Amino acid sequence: MQLEFHQLDLRYRDLRVVDRERDSRLLASMAGVGQKTPVLVVPGKGDRYVLIDGYRRVAGLLRLKADTVEALLLPIPESEGLILSHRIESSCRKSALEEGWLLRELEHGHGMSRVELAS
């Protein structure tokens, strides 16, 4: 879903560590190819949504003067969203074998091209 920035509740912004180098790389990537991954939100009050994951992407899009952000609405309570976000960020990296199995499944089982997989 496309959200305008005024619809985002950024109440967890201060829970993130600032990493200027990482932010710069992300900004350069988004300037070149746009937003690749949606941010994660949960329902807020009224027409607002609480941003759970994607604070760096939102900051980068704001710096690039974007009008909207691509978001994925999680139909779960805010607390569960925060736990999920933490687990995603803290999970260990998949092995090369697991990544290969995933790519094979996406290519053969879901019909994705290698170009799509590469991007």
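Since the model is a prediction, treat every value here as computed from it, not as a measurement. The first residue of the sequence shown is numbered 1, and numbering continues consecutively from there.
Crowding of Arg48 atom CZ: a count of heavy atoms from other residues, nucleotides or ligands under 6.0 Å exceeding 12.
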Do Val39 and Leu72 pass the side-chain contact (heavy atoms from CB on, under 4.5 Å) test, and can you show the C-alpha distance, the side-chain angles, and the key distance before you say yes or no?
CA-CA 6 Å; Val39 300; Leu72 179 63; over 6 Å; no
Under the side-chain contact (heavy atoms from CB on, under 4.5 Å) rule, what do Val69 and Gln35 come out as? Steps first, then yes or no, please.
CA-CA 8 Å; Val69 59; Gln35 180 186 356; 3.6 Å; yes
Please determine whether side-chain contact (heavy atoms from CB on, under 4.5 Å) holds for the pair Lys36 and Ser29, giving the CA-CA distance in whole Å, both sets of side-chain angles, and the decisive distance to 0.1 Å.
CA-CA 9 Å; Lys36 291 194 236 179; Ser29 173; 3.9 Å; yes
I'd like to know whether Asp67 forms a side-chain contact (heavy atoms from CB on, under 4.5 Å) with Phe5, so could you lay out the CA-CA distance, the side-chain angles of the two residues, the decisive distance to 0.1 Å, and finally the verdict.
CA-CA 7 Å; Asp67 295 324; Phe5 294 103; 5.8 Å; no
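Judged as a side-chain contact (heavy atoms from CB on, under 4.5 Å), and not counting sequence neighbours, the contacts of Thr68 are Gln2, Glu4. Listed by chain and number, the residues in a side chain to side chain donor-acceptor pair (under 3.5 Å) with Arg25 are Glu21 (sequence neighbours excluded). By the salt bridge (Lys or Arg N to Asp or Glu O under 4.0 Å) test, Glu78 pairs with Arg11, sequence neighbours left out.
Side-chain contact between Leu51 and Asp9: absent, with no pair of heavy atoms (C-beta onward) separated by less than 4.5 Å. Residues Val41 and Leu8 are in side-chain contact: their nearest non-hydrogen atoms beyond the backbone lie under 4.5 Å apart.
A distance of 8.0 Å separates CG of Leu62 from CG of Leu10, quoted to the nearest 0.5 Å. Put simply, OG1 on Thr37 and CE on Met30 are 10.0 Å apart, with the number rounded to the nearest 0.5 Å. Interatomic distance, Asp23 CG to Arg56 CZ, rounded to the nearest 0.5 Å: 5.0 Å. A distance of 6.5 Å separates CG of Leu40 from CZ of Arg57, quoted to the nearest 0.5 Å. With rounding to the nearest 0.5 Å, the separation of CD1 in Ile52 from CG in Leu74 is 7.5 Å.
Annotation for Tyr12 and Tyr55: closest pair N-OH, 3.1 Å, computed over non-hydrogen atoms. Between Leu3 and Ala71, the closest heavy-atom pair is CD1-CB, 3.7 Å. What you find for Leu73 and Met1 is that their closest heavy atoms are CB-SD, 3.7 Å.
Judged by distance alone, the side chain of Tyr49 and the main-chain N or O of Lys45 form no donor-acceptor pair under 3.5 Å.
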